[in-house]
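To start, the structure itself, in structure tokens.
Whatever order the structure lists them in is the order used to number ligands and atoms, beginning at 1. What's counted below: heavy atoms across the whole structure, side chains too, no hydrogens, waters or symmetry copies. We're numbering straight along the sequence, starting at 1.
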Amino acid sequence: MISDKIYEQMKNLVIEVGNIMLEVDYDKLDINEKQGNHNIVTKYDILIQEKLKKELLNLVPNASFIGEEGDNFDLNKEYKFIVDPIDGTMNFSRKLNLSAVSVALLQNNEPIVGICYVPYSHELYEARKGFGAYLNGKKIHVSDKKLKDGIAFCGSSPYYDDLREKSVEILTKFCSIASDYRRLGSAVIEICSVASGKAEVYVELKIMPWDYAAASLILKEAGGIVTTIDGNEINYNEPTSIIASNSIEDYLKYLN
Ligand code: LIP
């Protein structure tokens, strides 16, 4: 386990780097294409990841580090950081103000700390394994609504052409039952919204460990459940399908 002092320092660091997104020169984003359709990186993704890597490894020197923007190393240590410097980079590049910083610390491949910060709304979501989940210091819990009275987040896996049709199928199924659906373009914000009872379920066919590692712990500590769309445990080492919900009902039945 990590000390309260280090945990507080981690939170302050995530807020500090998140606020970099509020001071952006949008004419100088230096956008580059990455592997996959419409998958981009800006100089701010790299700047924020480099700062997080340096400072987090100062706080937990014996940890390994995995970040969306590469430069990962030594994946087999007891402690491991999994970091998304800007989740929702496409939103960020278009000034849609729906992006977040996400930092998870894992011990033996299990998340023990999850910190996600949405700078535009100054929302800090946090959880430590066994200590509950909080939004800006207030304890949060998933809703007790059923889907027929609720909101479903349906992700489109935009980087993978072969998943578009199935994504629309799932969207059609969920919005034929739910009171309505939403698509925010940030898995971190969507999962944390379910954790804080703002929606009932989030589903997407393929996202990366840095998109879900921290937010999934926050959701679990808020009383929710996270699995693959086949109902299997997610494993934080590879891309996965995901369904994250308030666990009020078996949402897997809506996927058939
Ligand atoms: C994004 C996720 C989003 C998903 C995109 C991508 P990124 O993360 O937040 O839900 O649809 O494919 O994975 O790439 O902006 O960090």
- [ ] Give a yes or no on whether a salt bridge exists between K54 and E50, defined as a side-chain N under 4.0 angstrom from a carboxylate O.
- [x] no
- [ ] For atom CZ of R164, decide whether the heavy atoms of other residues, nucleotides or ligands shown that lie under 6.0 angstrom number more than 12.
- [x] yes
Note every protein N or O atom lying under 3.5 Å from an N or O atom of ligand 1, pairing the names and giving the distance.
residue  : atom   : partner : partner atom : Å
ligand 1 : 8 (O)  : D87     : OD1          : 3.0
ligand 1 : 8 (O)  : D211    : OD1          : 3.1
ligand 1 : 9 (O)  : D87     : OD1          : 2.8
ligand 1 : 9 (O)  : D87     : OD2          : 3.1
ligand 1 : 9 (O)  : A187    : N            : 2.8
ligand 1 : 10 (O) : A187    : N            : 3.2
ligand 1 : 10 (O) : E204    : OE1          : 3.0
ligand 1 : 11 (O) : R183    : NH2          : 2.8
ligand 1 : 11 (O) : E204    : OE2          : 2.5
ligand 1 : 13 (O) : D211    : OD2          : 3.1
ligand 1 : 14 (O) : E68     : OE2          : 3.2
ligand 1 : 14 (O) : Y159    : OH           : 2.7
ligand 1 : 15 (O) : G88     : N            : 2.7
ligand 1 : 15 (O) : T89     : N            : 3.0
ligand 1 : 16 (O) : E68     : OE1          : 2.8
ligand 1 : 16 (O) : D84     : OD2          : 2.9
ligand 1 : 16 (O) : D87     : OD1          : 3.2
ligand 1 : 16 (O) : D211    : OD1          : 3.4

Open item on the list: With rounding to the nearest 0.5 angstrom, report the CD1 to CD1 distance, I40 to I31.
Closed with: 4.5 Å
Open item on the list: For K146, I'd like to know if atom NZ has over 12 heavy atoms of other residues, nucleotides or ligands within 6.0 Å.
Closed with: no
Open item on the list: Which heavy atom of K206 sits nearest to which heavy atom of P239, and what is that distance?
Closed with: CE-CB, 3.8 Å
Task: Passing option when S216 is tested against D211, V226, I225 for side chain to side chain contact (heavy atoms under 4.5 Å, CB included) - done: V226
